[in-house]
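Worth saying up front: this structure is predicted, and the values here are computed from it rather than measured.
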Protein chains: 2
Amino acid sequence: MTTEARIPLSRERVLRAAVGLADEHGLRAVTMRRLAEELGAEAMSLYYHVAKKEDVLDGIVEVVAEEINEAVARVEVSGGWQRAVRQRILTAREVFLRHRWAPALFEARSSTSLAVLRHYDTLVGLMRDGGFSHDQIHHALHALGSRALGFSQELFDPGSDASAEVPPELAAQLPNLVGMLSEIAHDDPDSTLGWCDDQTEFEFGLDLILDGLDRLR
Amino acid sequence: MTTEARIPLSRERVLRAAVGLADEHGLRAVTMRRLAEELGAEAMSLYYHVAKKEDVLDGIVEVVAEEINEAVARVEVSGGWQRAVRQRILTAREVFLRHRWAPALFEARSSTSLAVLRHYDTLVGLMRDGGFSHDQIHHALHALGSRALGFSQELFDPGSDASAEVPPELAAQLPNLVGMLSEIAHDDPDSTLGWCDDQTEFEFGLDLILDGLDRLR
DNA sequence: ACCTGAACACCGTTCAAGT
DNA sequence: ACCTGAACACCGTTCAAGT
């Protein structure tokens, strides 16, 4: 600790510590005071390297996005545009699985980070090579939404054993949903990113969209 | 003001005021103290009607979701499952266009609100009538993601006149993206929900998914 | 039953001051 | 150039006390 405190602060170190803090204790733990403590400094020292807290949040988006770009750059694929795009998106997803707080932060911030833009730039290039028009690609990016980056935030979580827990008078109000959930079981909770977004579901939605796009080409 | 202060507080009134505050000044303005002020009371009085701030946030999600259900209930459609689902989703979207802070809040909270569940229940029913299996419907809801509720948060905002603003050394790093954006112009900024999510793009993505689902049936 | 005042712990941030 | 202490304005929330 005291040895680490010797190392001078820097924007880079601050952001790295913030990512670590979020990984370990969630995004809510990322507080200027807590962050400084982690770095063996005072809260006010951070402001020499970082404009304000928003700057820290933008910064850690950038750090994660760079991690995505590095991972994606290592991917080698042969095959059509669809395989290439699909593989890169699934690789990006692996990074989010290591930073589970990140999807919410990416959604929350408009964050036109350079690293994020570079990721999109790669996708645009791949689709261009695949024979899409700019207009089609633009539509495609919108259709993919956050899936282009490898995650998809879900809006409700039926829970792993949802059908068992639902109180009867509530079940009566939701006959179709309860009927569905009682037939469905999620098998692989470990692969879950966010709520109900497991690997299988993510790939289903992704392929549905990619197949649809390919048909438009 | 003083006349309004006469009306006793209630959970209902607190939530309604919170929605109004968010509509007018954004979600960040929804503070226990500010909310109380709006109601002509002290911040601490709210805690008699509401457990904590999180309860307020859950509550306003519920209020908006009920507004969606009411709007959707008024919709009458004839035709196949696809027309019915599509129409209901686009109607839900209209509610979000009145509460622009709501998408971010819906995404941020896991919020298994009853009203949200009822909306999903309706969709499940429509798709069931359309001949889908429970398993297919479950996949479908995941594929739709937040689109099922009528919005789709975008991850970057190229801006309305993006191509003009990009500094040249940045453009060099993003050749494909800049190429695309220079060809594309968004015409209807007023219909935008969130960043780049305008009506046309929303419908494109929605139809792409619905068409894909119909093919699976 | 319903509302409030004072108080607590915790934020982000400014600013003048230290080395 | 880099870091800090004291201070400010603002949070959410508890708790004992008022009517």
Side-chain angles (χ1 to χ4, degrees), chain A residues 1-63 101 104-105 108-111, chain B residues 1-63 101 104-105 108-111:
Chain A
M1 283 299 151
T2 19
T3 56
E4 255 211 303
R6 277 269 152 65
I7 310 168
L9 290 177
S10 68
R11 184 181 158 82
E12 168 104 29
R13 266 193 84 209
V14 170
L15 297 183
R16 216 178 284 283
V19 169
L21 204 50
D23 285 342
E24 260 192 281
H25 298 101
L27 198 57
R28 294 184 41 188
V30 180
T31 243
M32 296 305 271
R33 284 168 158 92
R34 178 84 188 265
L35 194 48
E37 194 185 348
E38 212 79 12
L39 290 160
E42 297 303 310
M44 303 74 202
S45 310
L46 303 180
Y47 286 91
Y48 191 83
H49 301 94
V50 129
K52 45 207 296 239
K53 193 186 177 184
E54 299 235 310
D55 189 25
V56 173
L57 296 178
D58 286 339
I60 63 182
V61 165
E62 189 81 12
V63 167
W101 46 271
L105 185 62
R109 306 196 75 67
S110 68
S111 81
Chain B
M1 284 297 149
T2 19
T3 56
E4 255 209 301
R6 276 270 153 64
I7 309 168
L9 289 177
S10 68
R11 182 180 159 82
E12 169 104 30
R13 265 194 84 209
V14 171
L15 297 183
R16 216 177 286 282
V19 170
L21 204 49
D23 285 343
E24 259 191 282
H25 298 101
L27 198 57
R28 294 185 42 186
V30 180
T31 244
M32 297 304 273
R33 284 168 157 94
R34 177 83 187 267
L35 194 48
E37 194 185 348
E38 213 77 11
L39 289 159
E42 297 302 311
M44 303 72 203
S45 311
L46 303 179
Y47 285 91
Y48 191 83
H49 301 94
V50 128
K52 44 209 295 236
K53 193 187 176 181
E54 298 236 310
D55 190 24
V56 174
L57 296 179
D58 286 338
I60 63 181
V61 164
E62 189 80 12
V63 167
W101 46 271
L105 185 62
R109 309 196 73 66
S110 69
S111 80

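Between A:R13 atom CZ and D:dC2 atom C1' the separation is 13 Å, expressed in whole Å. Rounded to whole angstrom, the span from the CG atom of B:L46 across to the C1' atom of C:dC2 amounts to 12 Å. Atom C1' of nucleotide C:dC3 and atom CE of B:M32 are separated by 14 Å, given to the nearest angstrom. In this structure, A:L39 atom CG and D:dT4 atom C1' are separated by 15 Å, rounded to whole Å. One atom, CG of A:L9, and another, P of C:dT19, lie 18 Å apart when rounded to the nearest Å.
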Query raised in the report: Which dot-bracket notation, 5' to 3', represents the base pairing of DNA chain D when pairs are defined as Watson-Crick or G-U with both distances under 3.5 Å, crossing pairs as [ ], and inter-strand pairs as |?
Result: ||.|||||...|||||.||
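Under 4.0 angstrom from either OP1 or OP2 of D:dG12 there lies no side-chain N or O belonging to B:K52. For C:dG12, the OP1/OP2 oxygens have a side-chain nitrogen or oxygen of A:T31 closer than 4.0 Å. Checking the phosphate oxygens (OP1, OP2) of D:dA1, no side-chain nitrogen or oxygen of A:H49 falls inside 4.0 Å. Listed pair A:Y48 / D:dC2 meets the phosphate criterion, a side-chain N or O lying under 4.0 Å from OP1 or OP2.
Under the side chain to side chain contact (heavy atoms under 4.5 Å, CB included) test applied with A:L105, the options A:I60, A:V30, A:D58 reduce to a single match, A:I60.
Residues B:H25 and B:R34 form a side-chain contact, since some pair of their non-hydrogen atoms from C-beta on lies under 4.5 Å apart. With contacts defined as side-chain heavy-atom distances shorter than 4.5 Å, the pair B:M32/B:V56 qualifies. The shortest side-chain heavy-atom distance between B:Y47 and B:D55 does not fall under the 4.5 Å cut-off.
Among the nucleotides D:dG12, C:dT13, D:dT14, the one closest to the side chain of B:M44 is D:dT14.
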